[in-house]
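Working notes, structure below.
Naming: A, B, ... by sequence-line order, numbering from 1 per chain.
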Amino acid sequence: MDPADPCFLDRPSPTVAPDLLGRILVSERPEGRVAVRLTEVEAYTGLDDPASHAYRGRTARNAVMFGPPGFVYVYFTYGMHFCMNLVTGPGTTAGAVLLRAGEIVEGVELARGRRRSARRDTELAQGPARLTQALGIAREQNGEPLPGPVFRLLPGTPAAPELIRQGPRTGVAQGADTPYRFWLDGDPTVSPYRRHVPRRASRTSQ
DNA sequence: TGTAGGATTACCT
DNA sequence: GGTAATCCTACAG
């Protein structure tokens, strides 16, 4: 299905997610344009998904997820990182796809400037917070439309089905057994899988 | 390779 | 008031 089709995102997120692999997401910011070829994504299905931010209902932070598909949900976590999701359907069911990793295919210089700590270009968007930083995305982009002035999905070439792999989601405590993480086999920009590790108890309580 | 530290949001007691 | 969270970086070894 063509990402330019208005119905592209108005489907269940586990259906949309593998269909995003290999597609090009363009981010237009005042400093310039960066485009990323998506290589790793995760689907979150909404109110029925214990790993989803939508699971416990609507809050000020996750309100965008409860709106129609075709918008970008950006959230702040761990006190310093932003991650971005595409809100999917069907309808207003709070489905979303987290963009986890990709290959920068345009604006590499700009992405390098935003990701000074990256030692290789494959690390520029290797991880959800890294991808968001490489695209110059922060809190202000929460609720941006897709397509819109900032974000566009290019038709591009979808990934070959035989390269798509599926497995458990990363870094989630609940629902980690649901195989809603999708990635391109062998791609060097895919972030290494990390099982969720409960955060160490604070020193004072030890 | 492992782990500590960063510091917001939201839920829980 | 406590703690876990869709995580990354620096540094030690």
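- With A/S52 contributing its side chain and A/D49 its backbone, the two residues share no donor-acceptor pair below 3.5 Å.
- When rounded to the nearest whole Å, the span between CZ of A/R119 and P of C/dT9 equals 11 Å.
- In this structure, A/Q133 atom CD and B/dG6 atom C1' are separated by 14 Å, rounded to whole Å.
- Contact check, A/R61 against C/dA5: no side-chain N or O comes under 4.0 Å of OP1 or OP2.
- Proximity of residues 31-54 of chain A to DNA chain C (heavy atom under 4.0 angstrom from any strand atom) is restricted to A/Y44, A/A51, A/S52, A/H53.
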Which protein N or O atoms sit under 3.5 Å from an N or O of nucleotides 10-13 of chain C?
none

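- Residue A/R181 places none of its side-chain N or O atoms closer than 4.0 Å to OP1 or OP2 of C/dT6.
- Using a cut-off of 4.0 Å between Lys/Arg side-chain N and Asp/Glu carboxylate O, A/R165 and A/D187 are scored as not salt-bridged.
- Spacing between atom NE2 of A/H81 and atom P of B/dT9 amounts to 15 Å, rounded to whole angstrom units.
- Taking 3.5 Å as the limit, the base of C/dT6 and the side chain of A/Y75 contain a donor-acceptor pair of atoms between them.
- Between A/Y73 and A/F71, the ring center distance fails the sub-6.0 Å criterion.
- Interatomic distance, CG of A/L184 versus CD1 of A/I164, reported as 6.5 Å (0.5 Å rounding).
- The side chain of A/R100 contributes an N or O atom lying less than 4.0 Å from OP1 or OP2 of C/dC7.
- Taking atom CG of A/L124 as the reference point, atom C1' of C/dT9 lies 15 Å away to the nearest angstrom.
- Rounded to whole Å, atom P of C/dC7 lies 14 Å from atom CD of A/Q126.
- Using a 4.0 Å heavy-atom cutoff across all strands shown, A/R139 reaches sugar-phosphate atoms only and no base atom.
- Here the shortest heavy-atom pairing between A/L124 and A/A118 reads CD2-CB, 3.8 Å.
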Side chain to side chain contact (heavy atoms under 4.5 Å, CB included), that's the test. Do A/D10 and A/T88 meet it? Break it down for me. CA-CA 5 Å; A/D10 193 7; A/T88 70; over 6 Å; no
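- Using a distance-only test at 3.5 Å, with no hydrogens or angles considered, a donor-acceptor pair links the side chain of A/R23 to the main chain of A/D19.
- The minimum heavy-atom distance linking A/R11 with A/C7 is given by the pair CG-O, 3.8 Å.
- Within residues 104-112 of chain A, no residue has any heavy atom under 4.0 Å from DNA chain C.
- Of all heavy-atom pairs between A/A94 and A/A54, the closest is CB-CB, 3.7 Å.
- A ring-ring contact (aromatic ring centres under 6.0 Å, His included) check over residues 81-118 of chain A, counting only residues at least two apart or in different chains, returns the pairs A/F76-A/F82.
- Closest approach of A/T132 to A/M84, counting heavy atoms only: OG1-N, 3.5 Å.
- To the nearest angstrom, P of C/dA5 lies 14 Å from OH of A/Y55.
- A donor-acceptor contact shorter than 3.5 Å is absent between the side chain of A/R100 and the backbone of A/G127.
- Comparing C/dT6 with B/dG2, their C1' atoms sit 23 Å apart, to the nearest whole Å.
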Quick test: give all pairs of protein nitrogen or oxygen and nucleotides 11-13 of chain B nitrogen or oxygen below 3.5 Å, distance rounded to 0.1 Å.
none

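- Taking 4.5 Å as the limit, some side-chain heavy atom of A/L25 sits within range of a side-chain heavy atom of A/L135.
- Using a 4.0 Å cut-off between charged nitrogen and carboxylate oxygen, A/E123 and A/R130 do not count as a salt-bridge pair.
- Under a 3.5 Å cut-off, the side chain of A/E106 and the backbone N or O of A/V36 do not form any donor-acceptor pair.
- Backbone-only contact: A/R115 has heavy atoms under 4.0 Å from sugar-phosphate atoms and none from a base.
- Rounded to whole Å, the distance from CZ on A/F76 to C1' on B/dT9 is 9 Å.
- Atom OH of A/Y78 and atom P of B/dA4 are 15 Å apart (whole Å).
- In DNA chain C, runs of at least 3 stacked Watson-Crick or G-U pairs (N1-N3 plus N6-O4 or O6-N4, or N1-O2 plus O6-N3, all under 3.5 Å) give these stems: B:1-6 with C:7-12, B:8-12 with C:1-5.
- Under a 4.0 Å N-O distance rule, the pair A/E103/A/R37 qualifies as a salt bridge.
- Remark: the backbone N or O of A/V72 is not paired with any side-chain donor or acceptor of A/E144 at under 3.5 angstrom.
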